[in-house]
Amino acid sequence: MKYLEGLNEAQREAVLTTAGPISVLAGAGSGKTRVLATRIYHLVREGVPAEKILAVTFTNKAAREMRERVRTMLADEGSVPFIATFHGLGRELLESYGTAIGVPRFFSVYDRDDSEKAIAAALKALDVSVKELSPRAVLGRISRAKGEGMRATEFSEKYGRSSFGGRVVAECWLRYEKTLKAEKALDFDDLIALPVQLLEEHPEIRAKAQERWQYIHIDEYQDTNALQGRLTNMLAATHKNLFVVGDIDQTIYTWRGATIENLLTFDTTYPESKTIILERNYRSTKNLVDAANAVIAKNKNRKEKISTTEQGAGEPITLYIAGSAEDEAHWIARKIRELMAGGIRPEEIAVLFRTNFQSRALEEGLLRAGVPYKLLGTRFFGRKEVKDVLAWMRLAMDPTREVDTMRAASSPPRGIGAVTLGKLAAGQRDLLRAGDLAKVEKFEAVVAELAAAAETSIPSEFVKLVIEKSGMRKALVDEGSEEDKERFENIEELASVAARHDAVHGKEGIALFLAEAALASDQDELDQGEKTGVTLMTVHAAKGLEFNTVFVSGMEEGLFPHQGMGGEKDRDEEEERRLFYVAMTRAKERLFLTLARVRKIYGIDSYAEPSSFLADIDASLLSYDKSTHYDFF
């Protein structure tokens, strides 16, 4: 079979073993994406209907790439399997069967900003200052509890009397649930928690879902949380054709609730399962592979796996010790200019950092050196002007949404104040003055016009219509500044993104686009095409990506490995080591490790020791830059 050509023995075994539960331990750069796509193609070639196959990835970007890869391989085979993120899978289940547990057919999804605002309102109602407890902290605790399968009432019973923080979180969660219900909205965690509830409480729906997807593939299984594990196991319970791919050594999201146990105990959950190990690295040179192996071997909580490669030794890892963060950034920028002069494109280079505050000095260094770059962090879908358009679109889908009404009414401003909106929300329309009522009615007429258009418009044209009818084009282009015109280019880009769903007309297509916008991840920003250049990002954001050349900055004890605000007790040494392993294995040919003797943290000069991780790399694999400070060790 031609599609099996080029696969190594372990990869071929993973593709051809189609029945029963299978766990694939896939090292960095081992070709797991190719294995997943080829296995799906093989199943269809063997007679499995495409619609019986499910594949779940962790980012929209990965899902799109997998979908395109499978579609290309299947060519004229007809339908394509359902390929989505866990949140996309949850949305599909709720849209298909969610009315059984009271979920409306056309629900919206709160993003992080929407959720934090709702929590802030709950804190204010409870007369709790954000200095005492921040909305982010409260939302984080609620999110973790939802990821553990807990509901608001259970949390209230368990923690509602335990402490001040427990009481506040419990009360905020109950108020937050009421807000979501009133807005016909769900948050990200609901997209997993509610499908689990749905399948557990309704055996007949569970049976339908199990028959719908008889062959299940889960990528990055080491990053699943307890609830995602439950959802997976329920879907696979009947046919047990469960194929999970993961790398315990790349588990870096336990702080988000991911549990390494799902992959570690897979053979206990499924005693009849088979384990296949993909150890050959097709990405990196031998020096890089050997160094990464040495680093990760120090971890105890893992399954034995030693990556190998048939590539040459390659260049040694370069270590540079700077006098300060500014010196470090200047050296990185100078080295990048040398690489670019040697023919390396800036898009093939990444500069990684452990914590966000490091980006300031790095940005300044690249700017001064004239090195083009893009900073991964300011999310496209998080920009104010983009969120304004999305609010108008959601309001057109459901004119009763109070949060979107508040936002749309002032985007752009039209003389409708908070007091007026408050009276409307309270059902006191008859108390409005004639002038205010006229403004409200004019606004409502625009919403009604858009709501009618949503029934038949394709998504991209609907975005353009919203931009025109809402008055945004006039405000940003005709009457705006140069900065406003740049903001308008962002909402124009929104129409391009929406065009991906133009094949589906009316509210169904618009709902698909709104789902993509709500579920967008940090890595999706790499697809926006707004800017080219060197990529600056955190190591967490780099997961799953690869670059010809990688710089890992801030290799200092306390920074990487990171020592949290709580000191040593706040540090998970093994997770930090896995994070460094992920950083190292992003590189294909060159890896530069940099650190600073002195780094200004919270305005204070801090004298640093080299990262303890550096001692794990054999000296024969390291090369000191000639301008570095040897006496630092």
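Since this is a predicted model, take the numbers as computed values, not measurements. Atoms considered below: every heavy atom in the structure, side chains included; atoms not considered: hydrogens, waters and symmetry mates. Nothing fancy with the numbering, it's 1 onward along the sequence.
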Do [X] and [Y] come within less than 4.5 Å of each other through their side chains, counting heavy atoms only?
| X | Y | value |
| --- | --- | --- |
| Lys543 | Asp223 | yes |
| Arg112 | Arg136 | yes |
| His217 | Pro81 | no |
| Phe560 | Leu352 | no |
| Phe551 | Tyr320 | no |
| Val582 | Arg586 | yes |
| Lys303 | Asp267 | yes |
| Glu315 | Thr285 | no |

Side-chain donor or acceptor of [X] paired with backbone N/O of [Y] under 3.5 Å:
| X | Y | answer |
| --- | --- | --- |
| Ser284 | Ala587 | yes |
| Tyr253 | Asn225 | no |
| Glu279 | Ile306 | yes |
| Arg337 | Ala333 | no |
| Glu574 | Lys300 | yes |
| Glu328 | Gly554 | yes |
| Glu364 | Ala361 | no |
| Glu272 | Gly20 | no |
| Glu65 | Ala62 | no |
| Glu556 | Ala596 | yes |

Taking the six-membered ring of Tyr3 as reference, does the NZ or CZ atom of Arg45 fall below 6.0 Å from its centre and within a 45° cone about the axis?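 The answer is no; the distance or angle limit is not met.
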Yes or no on side chain to side chain contact (heavy atoms under 4.5 Å, CB included) for Leu593 and Phe580, after CA distance, side-chain angles and deciding distance? CA-CA 11 Å; Leu593 305 177; Phe580 183 41; 4.0 Å; yes
I'd like to know if the side chain of Thr318 pairs up with that of Ser623 as donor and acceptor (distance under 3.5 Å, no hydrogens or angles considered).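 Judged by distance alone, the side chains do not pair up.
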Between Ser143 and Asp189, do the side chains contain an N or O donor and an N or O acceptor separated by less than 3.5 Å?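 The criterion, which ignores hydrogens and geometry beyond distance, is satisfied for Asp189 and Ser143.
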Begin with the C-alpha distance, continue with both residues' side-chain angles, and end with the deciding distance and a verdict on side-chain hydrogen bond (donor to acceptor under 3.5 Å, both in side chains) for Asn281 and Ser307. CA-CA 6 Å; Asn281 184 308; Ser307 292; 5.2 Å; no
Closest approach of [X] to [Y] (non-hydrogen atoms, all atoms of both residues):
| X | Y | answer |
| --- | --- | --- |
| Ala55 | Ile40 | CB-CD1, 4.0 Å |
| Gly88 | Phe82 | O-CZ, 4.1 Å |
| Thr535 | Phe547 | OG1-CE2, 4.1 Å |
| Ala63 | Ile83 | O-CG2, 3.8 Å |
| Ala14 | Arg39 | O-NE, 3.2 Å |
| Tyr581 | Asp249 | CD2-O, 3.5 Å |

Let's go through Ser273 and Phe266 carefully: what are the C-alpha distance in whole Å and the side-chain angles of both, what is the deciding distance for side chain to side chain contact (heavy atoms under 4.5 Å, CB included) to 0.1 Å, and is it a yes or a no? CA-CA 8 Å; Ser273 67; Phe266 187 83; 3.8 Å; yes
Just how far is it from atom CG of Asp219 to atom OG1 of Thr33, taken to the nearest 0.5 Å?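 So the CG of Asp219 and the OG1 of Thr33 are separated by 6.0 Å.
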Residue pairs involving residues 610-621 (criterion salt bridge (charged side-chain N to carboxylate O under 4.0 Å, His left out); sequence neighbours excluded):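 Every pair satisfying salt bridge (charged side-chain N to carboxylate O under 4.0 Å, His left out) with a residue in residues 610-621: Lys298-Asp616, Arg577-Asp616.
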Can a salt bridge be assigned to the pair [X] and [Y] using a cut-off of 4.0 Å between side-chain N and carboxylate O?
| X | Y | result |
| --- | --- | --- |
| Glu68 | Arg71 | yes |
| Arg12 | Glu9 | no |
| Asp327 | Arg597 | no |

Tell me whether the rings of Phe592 and Trp331 are parallel (<30°), tilted (30 to 60°) or perpendicular (>60°).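 Taking Trp331 first and then Phe592, their aromatic rings stand perpendicular (interplane angle over 60°).
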Evaluation steps, side chain to side chain contact (heavy atoms under 4.5 Å, CB included), between Glu589 and Thr549: CA-CA 6 Å; Glu589 294 187 14; Thr549 301; 5.6 Å; no
If you count the non-hydrogen atoms of other residues, nucleotides and ligands that lie under 6.0 Å from [atom1] in [X], is the total more than 12?
| X | atom1 | answer |
| --- | --- | --- |
| Glu338 | CD | yes |
| His330 | NE2 | no |
| Lys286 | NZ | no |

Applying side-chain contact (heavy atoms from CB on, under 4.5 Å), name anything that partners Ala26, two or more places apart in sequence or on another chain.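 Result, side-chain contact (heavy atoms from CB on, under 4.5 Å) vs Ala26: Val24, Ser30, Lys32, Val245, Leu278.
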Name the residue from Arg345, Glu348, Arg590, Lys588 that meets the side chain to side chain donor-acceptor pair (under 3.5 Å) definition with Asn548.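 Result: among Arg345, Glu348, Arg590, Lys588, Arg590 is the only option passing the side chain to side chain donor-acceptor pair (under 3.5 Å) with Asn548.
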Test log, rule side chain to side chain contact (heavy atoms under 4.5 Å, CB included), inputs Leu319 and Met555: CA-CA 10 Å; Leu319 178 63; Met555 291 301 304; 5.6 Å; no
Using side-chain hydrogen bond (donor to acceptor under 3.5 Å, both in side chains), reason through Glu220 and Gln222 one step at a time and then give a plain yes or no. CA-CA 5 Å; Glu220 305 288 7; Gln222 78 281 350; 2.7 Å; yes
